[in-house]
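Reckoned from all heavy atoms, side chains included, excluding hydrogens, waters and symmetry mates. We're numbering straight along the sequence, starting at 1. Counting convention: from 1, in listed order, for ligands and their atoms alike.
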Amino acid sequence: MEILIQSLWTDLEVKSQTFQEYLGGVTVIRSQGRIIHPKFLLMALVVICGQPCSGKSTAASCLAEALQNLESKPAVRIVDETSFHLDRNQSYADMTAEKNLRGVLRSEVDRSLSKDAIIIVDSLNSIKGYRYELWCLARAAGIRNCVIYCDVEDSCCRRWNQDRNEKGEPAYNDKVFEDLVRRFEKPDRRNRWDSPLFELLPARDGLNKDSTAIVDAVSYLTKKVDSKTRDVKVLQPTIATQSARFSEANSLYEMDRATQEVTAAIVKAQSLAMGGTVNGLSLSPGLPTVNLSRSVGLPELRRLRRTFIKLTGQSSLSGPPPPLDADSAKRMFVDYLNRELGNG
Ligand SMILES: Nc1ncnc2c1ncn2[C@@H]1O[C@H](COP(=O)(O)OP(=O)(O)OP(=O)(O)O)[C@@H](O)[C@H]1O
């Protein structure tokens with residue numbers, strides 16, 4: 001697909017400055033100097049997030065139903081724990097299980113994004129850094145991304161969870177439920193990975209396919225990208241401009257160097273601790289400390305570094321990464337390591 005677009009790009013650059021072109025029977029849409037194949041316009045990633053038992057699966061079904069009611073009937077796929085037959089109490093029993101679950105869902109999202117569909121991730125998606133990772137996958141695929149937040153008070157979620165027992169539905173046990181509530185990181189539309197953000201209030205307003213946030217999300221997901229539409233963001237252009245490629249190279253360099261520094265500091269701290277665990281390692285003032293739950297070998301650290309760089313979308317075909325200085329690259333990598341290898 002990218003080769004096809006690459007060759008069309010050259011032709012269009014020479015022959016046309018118009019917004020929409022028909023070339024060899026293929027419609028090519030130009031947006032902000034980039035070319036997007038129409039197929040990509042039907043692809044999107046929707047991240048549902050909210051406290052445990054806050055109506056996320058109900059929201060995912062309502063959104064899928066609303067999309068299916070459209071004349072264009074876009075393909076919709078829901079990625080959730082139940083598609084992997086995972087029990088919610090086991091999946092969130094401890095950090096290792098939770099990390100595994102996140103990894104399984106993220107891989108499934110990554111695989112699914114290459115298909116022509118709107119992918120809805122129906123899970124807690126409660127950790128800011130994890131939503132960022134999902135956003136990176138959408139950006140690398142060059143598709144649009146949005147977040148739907150089920151905003152329900154903890155007390156109400158707790159009640160709905162208890163009611164599940166009476167309905168014969170599997171419920172969270174108290175320990176898992178309280179731990180998840182405590183660690184929930186509310187989405188913030190000022191973060192580019194949490195934006196656009198559509199907020200549902202299921203406890204106050206109920207929830208169905210006509211709920212305002214669902215209607216707004218459908219409208220966003222199906223809105224055509226045109227030169228006048230500034231509010232639809234198709235992430236990660238397929239073709240990057242020369243200047244973007246220059247900044248990408250800079251950013252890649254920063255990312256590479258900064259993550260190597262972090263890895264080297266951890267290896268050194270571990271050797272000083274004679275193989276003990278690294279806790280409270282400070283790289284510089286103002287950066288989060290490294291807190292690992294176990295000693296980690298160099299091969300594993302290298303593997304995590306590679307995954308992190310891939311997740312942050314620094315591939316050469318997938319367009320410019322966000323502007324990055326050494327400190328923010330270190331901060332992001334330390335957060336990532338603490339999430340993958342730490343206690344929380
Ligand atoms: N607006 C609502 N009013 C009353 N009960 C609701 C409402 N929305 C959902 N529920 C009930 O809450 C329970 C959880 O709903 P749902 O599965 O949609 O939540 P969830 O956030 O996906 O849960 P989980 O965190 O387990 O994935 C269900 O029993 C459902 O019937």
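Of the N or O atoms in Glu81, none lie within a sub-3.5 Å distance of an N or O in ligand 1. By the 3.5 Å distance cut-off applied to N or O atoms, Leu124 is not counted among the residues near ligand 1. Taking any N or O of Ala203, backbone or side chain, none lies under 3.5 Å from an N or O belonging to ligand 1. By the 3.5 Å distance cut-off applied to N or O atoms, Gly55 is counted among the residues near ligand 1.
Remark: side-chain polar atoms of Asn161 are paired, donor with acceptor, to backbone N or O of Tyr172 under 3.5 angstrom. Formation of a donor-acceptor pair under 3.5 Å by the Gln68 side chain with backbone atoms of Pro74 is found in this model.
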Practice problem: Mind running salt bridge (Lys or Arg N to Asp or Glu O under 4.0 Å) on Arg102 and Glu133 for me, showing each step along the way? | Solution: CA-CA 10 Å; Arg102 286 202 298 266; Glu133 289 170 17; over 6 Å; no
Exercise. For Thr277 and Asn279, run side chain to side chain donor-acceptor pair (under 3.5 Å): C-alpha distance rounded to whole Å, both residues' side-chain angles, the deciding distance at 0.1 Å, then the answer.
Key: CA-CA 6 Å; Thr277 54; Asn279 238 312; 4.5 Å; no
Exercise. Using the salt bridge (Lys or Arg N to Asp or Glu O under 4.0 Å) rule, take Arg88 and Glu81 through it: C-alpha gap first, then chi angles, then the decisive distance, then the call.
Key: CA-CA 8 Å; Arg88 52 170 71 77; Glu81 286 101 347; over 6 Å; no
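The protein atom (non-hydrogen) at minimum distance from atom 31 (O) of ligand 1 is Lys167 NZ, 2.9 Å. Closest protein heavy atom to atom 13 (C) of ligand 1: Cys53 SG, 3.7 Å.
Classification of Asp335 and Lys128 as a salt-bridged pair fails, no side-chain N sitting under 4.0 Å from a carboxylate O. Between Arg77 and Glu108, at least one side-chain N (NZ, or NE/NH1/NH2) sits under 4.0 Å from a carboxylate O, which counts as a salt bridge.
Between atom 5 (N) of ligand 1 and the options Tyr172, Phe177, Trp160, the minimum heavy-atom separation is to Trp160. Here the shortest heavy-atom distance to atom 17 (O) of ligand 1, taken over Arg164, Gln51, Lys56, belongs to Arg164.
Note on ring orientation: taking the six-membered ring where Trp is involved, the planes of Tyr132 and Trp193 are perpendicular (angle over 60°, cut-offs 30° and 60°).
For ligand 1, the atoms sitting less than 4.0 Å from at least one non-hydrogen atom of Thr58 are 9 (C), 15 (O), 16 (P), 18 (O), numbered in the order shown with element in parentheses. For ligand 1, the atoms lying closer than 4.0 Å to a non-hydrogen atom of Pro52 are 25 (O). Here is the list of ligand 1 atoms found below 4.0 Å of a heavy atom in Pro202: 1 (N). Of all the atoms in ligand 1, the ones that sit under 4.0 Å from a non-hydrogen atom of Glu169 are 28 (C), 29 (O). The contact set between ligand 1 and Arg88, taken as ligand atoms under 4.0 Å from a residue heavy atom, comprises 26 (O).
Within 6.0 Å of atom CZ in Arg294, more than 12 heavy atoms from other residues, nucleotides or ligands are found, so the atom counts as buried in its surroundings.
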